[in-house]
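Notes follow once the structure below has been shown.
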Amino acid sequence: MLRLTLSTEEYLMIGDNIKIVFLGGSKSHLRIMIDAPKEIGVVRSKVIKNHTVDSEMRDALPTYYAEPELAERFRKKKNSLT
C-alpha cells in the first residue's frame with residue numbers, strides 16, 4: 001500500500017488513462033475527482049459493504065482508519081522568528 005500527502009489540485013496518474021485529483025477538504029472529509037474511462041468501475045466502499053449480503057464476506061472487506069496525528073518526523077517544521 002502506498003501512502004501519499006498531496007496538495008490541493010495535485011493529482012495521481014494510474015496507468016495512462018486514470019487520473020485522481022485532490023480537490024481539498026477538511027479534517028474529516030476529502031474531495032477527489034476521478035477521471036477514468038467508462039469501462040473502469042469506480043465504486044465507494046460504503047456501497048460495496050451495503051450490497052454485500054453474506055456477513056462473512058462483509059467482515060472480510062478491508063477497513064482503513066485515518067491516523068489522527070502524523071508522526072513527528074513527518075510534520076513540517078514551522079519557521080520561528082526569534
Side-chain angles (χ1 to χ4, degrees):
M1 170 146 328
L2 174 64
R3 179 180 175 177
L4 300 170
T5 302
L6 300 171
S7 298
T8 302
E9 296 184 8
E10 279 191 308
Y11 61 90
L12 302 173
M13 289 297 298
I14 300 175
D16 293 330
N17 57 356
I18 300 173
K19 183 190 286 189
I20 301 174
V21 182
F22 174 65
L23 298 174
S26 64
K27 210 171 196 180
S28 61
H29 291 90
L30 173 69
R31 289 189 335 255
I32 62 170
M33 178 177 65
I34 301 172
D35 183 12
K38 290 182 181 181
E39 305 86 47
I40 305 290
V42 178
V43 183
R44 290 175 60 158
S45 60
K46 184 185 275 188
V47 173
I48 294 171
K49 190 170 187 175
N50 289 341
H51 284 84
T52 303
V53 179
D54 185 13
S55 63
E56 285 183 22
M57 288 179 68
R58 186 180 299 132
D59 293 340
L61 291 173
T63 305
Y64 303 100
Y65 299 97
E67 291 184 23
E69 284 261 349
L70 289 176
E72 184 67 36
R73 64 187 177 147
F74 296 120
R75 295 183 200 164
K76 284 187 176 178
K77 305 237 187 267
K78 293 183 179 180
N79 293 335
S80 60
L81 299 173
T82 55

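Treat the numbers as computed from the prediction; the structure is a model and nothing was measured. Counting begins at 1 with the first residue of the sequence.
- Under the 3.5 Å distance criterion, the side-chain polar atoms of His51 are matched with a main-chain donor or acceptor of Val47.
- Grouping the Ile, Leu, Val, Met, Phe, Trp and Tyr side chains by contacts below 4.5 angstrom, directly or via other members, places Leu30 apart from Val21.
- Under the 4.5 Å side-chain contact rule for hydrophobic residues, Ile32 and Tyr11 do not share a cluster.
- Linking Ile, Leu, Val, Met, Phe, Trp and Tyr whenever their side-chain heavy atoms come within less than 4.5 Å leaves Leu23 and Ile18 in two separate clusters.
- Linking ILVMFWY residues whenever their side-chain heavy atoms come closer than 4.5 Å, directly or via other members, places Ile14 and Ile34 in the same cluster.
- Atom-to-atom distance recorded for Asn50:CG and Arg58:CZ is 7.5 Å, nearest 0.5 angstrom.
- The CZ atom of Arg31 sits 8.5 Å away from the CZ atom of Phe22 when rounded to the nearest 0.5 Å.
- Hydrophobic cluster membership differs between Ile48 and Val42, with clusters built from Ile, Leu, Val, Met, Phe, Trp and Tyr side chains linked at under 4.5 angstrom.
- The two atoms that bring Thr52 and Met57 nearest to each other are CG2-CB, 3.8 Å, heavy atoms only.
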